[in-house]
Amino acid sequence: MDRTLDVLLIHPDSSAQAYQGLATTYSAIEPPTWALLLAQSCRAKGFGAAIMDCDAEKLSLEAAVQRARDLKPRLVLFVVYGQNPNSGTTSMIGATRLAEAIKQDAPGLPIGFVGSHTSALPREVLALPYVDIVLLNEGVYALHNLLRGNLKGDLAKVAGIGYKKRDAAGKAMLWLNPPQAVVPQELMDQDLPGYAWDLLPYRERPLDLYRAHFWHAGFDHAKRTPFAAIYTSLGCNFGCDFCMINIVNRQDNGEDVHAAHSRGMRFWSPGFIAAEMEKLATLGVQTLRISDEMFFLNRRYYEPLLQDVTARQLGLNMWTYSRVDTVRPAALELFKNAGVNWLALGIEAGSQTVRKEVSKGTFQEVNIREVCKTVRDAGIHVISNYIFGFPDDTLETMQQTLDLALELNTEMANMYPCQALPGSPIYRQAIRNGWKLPESYAGYAFLSYECEPLATKHVSAADVLRFRDNAFQTYFTNPAYLDLVETTFGAPQRRNVEDMTKIRLKRKLLGD
């Protein structure tokens, strides 16, 4: 670390409240991808950077405050992101708690926030008494320009930030400067030059504090670490109602801006990413998540990348995402040869009508059953993603979704209650229509006690949540599913799944 620490990037810990009893053993602990990207970009410009990953180290509030005090950074920046769409808001649980404590300990230390929730609601985040600065999109150039200045009197000159400005009477105003650009395609390798893996905490080997998703390791806890996650591209070309991932691309300070207004994808060069993956392999990583929302979309990028990874013989066990209508059967052999052993398919709903409504008609008519069979015939396991409680959902259409999940019986299934996540089109729709939204950050956490999904036009929020939780138990205790796990992965792995289903979530909305 440089002698002058310009920025301390903090990844907060919200796991206990967000995941309840699943946090101890079953939830993943992912490297803080955006903190790593921002740290490396800062170091490339000559700034000193450090990362404090409170989640991986399970730092107490007191220990985290003490470390911030000892490091003496010029700026503390909470990087409130996450690979799951709701993680930016969910991570605010731990971020706000720690930011308040640091501000009490060191009132003069500037505290900034960056991330998806901040991009969605910059004024609301800036209004928090312990937040001095917000970065309005991904924040790469804004952060560099902040660090070039004195972090005080020259804030008005830094595009892409918000700060508290004093009026003539000395009263603090929430002020948003003009927007800043995101890193353009042609500068991705140069201005986001990889990940600062060496800044992560570890016990005996790099990345050994991080663990893969339970299923990614074949339901074998012993194979979950070391683990890493990486992006090969940023953003998505689509604008689904329920998704907010593109909000970090925003270049407009308007109040009604949502993720669908800034859709689009940017890519690192294939050789650059393959070299980054090889670096991870030399650090002992075998289990790797490709976090792109739309990896299986643009063959001009994924084909040369996977060919390069295959040629390097890295021995990685990888998973990534695809929509059901973007799977190209001819490419599956390439995926498998490169080490992609799991493919997450966004099936979302069993009803084609419901699915088309929330995707704004962008889903192509495909045979979901045939797509899943084709993927599995290629030797690739399927993670099916389902959402219960879309605005047009009824109990009958949600049952159709569950019935489809049971019929497909894929090796893994994620089941989410529909949330109006800040930054998503449906969030703005909820504000306009006066729909009830959660009153706390934890209310947006899918697995939290406080979880409060949207009510549909036909079903209450409580009934949506109850249906989701019952659907989860139905799926993972289904004898046909458990037999699949045992046949595919082994009897001990079946018992691991059975143990997971014994952890029952408590829900405030359901009277627990």
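No experiment lies behind these values; they were computed from the predicted model shown.
Ring centroid separation for the pair Phe335 and Phe296 comes in under the 6.0 Å cut-off.
Using a 3.5 Å distance cut-off with no hydrogens or angles, the side chains of His216 and Thr287 do not pair a donor with an acceptor. Of the N and O atoms on the side chains of Thr374 and Asp377, not one donor lies less than 3.5 Å from an acceptor on the other residue. Side-chain atoms of Asp469 and Gln473 include no donor-acceptor pair closer than 3.5 Å. Inspection of the Arg97 and Gln17 side chains reveals an N or O donor paired with an N or O acceptor under 3.5 Å. Between the side chains of Thr310 and Asn337, not a single donor N or O lies within less than 3.5 Å of an accepting N or O. Looking only at atom types and distance, the side chain of Asp208 has no donor-acceptor partner in the side chain of Thr225 under 3.5 Å away. Side-chain contact of Arg289 with Tyr231: a donor-acceptor pair under 3.5 Å is absent, judged by distance alone. If you check the side chains of Arg328 and Tyr302, you find a donor sitting under 3.5 Å from an acceptor. A donor-acceptor contact under 3.5 angstrom links the side chains of Trp197 and Glu276, judged on distance only. Of the N and O atoms on the side chains of Arg263 and Asn249, not one donor lies less than 3.5 Å from an acceptor on the other residue. Between the side chains of Ser14 and Ser91, no donor-acceptor pair of N or O atoms lies under 3.5 Å. For the residue pair Asn496/Asp499, the side-chain donor-acceptor check at 3.5 Å is not satisfied. Side chain to side chain, Lys508 and Ser448 fail the donor-acceptor criterion of an N or O pair below 3.5 Å.
Taking NZ of Lys223 as the start and CZ of Phe489 as the end, the distance is 10.0 Å to the nearest 0.5 Å.
Sequence neighbours left out, not one pair with a member in residues 490-512 passes ring-ring contact (aromatic ring centres under 6.0 Å, His included).
The shortest distance between side-chain heavy atoms of Asp292 and Tyr321 does not fall below 4.5 Å. Arg369 has its side chain within reach of Leu404: a pair of non-hydrogen atoms, C-beta onward, lies under 4.5 Å apart. Residues Tyr301 and Leu306 fail the side-chain proximity criterion, which asks for heavy atoms closer than 4.5 Å.
Using bins of under 30°, 30° to 60° and over 60° for the plane-to-plane angle, the ring pair Tyr481/Phe476 lands in the perpendicular bin.
Summarising the geometry of His117 relative to Tyr441, their closest heavy-atom pair is NE2-CE2, 3.7 Å, with the distance given to 0.1 Å.
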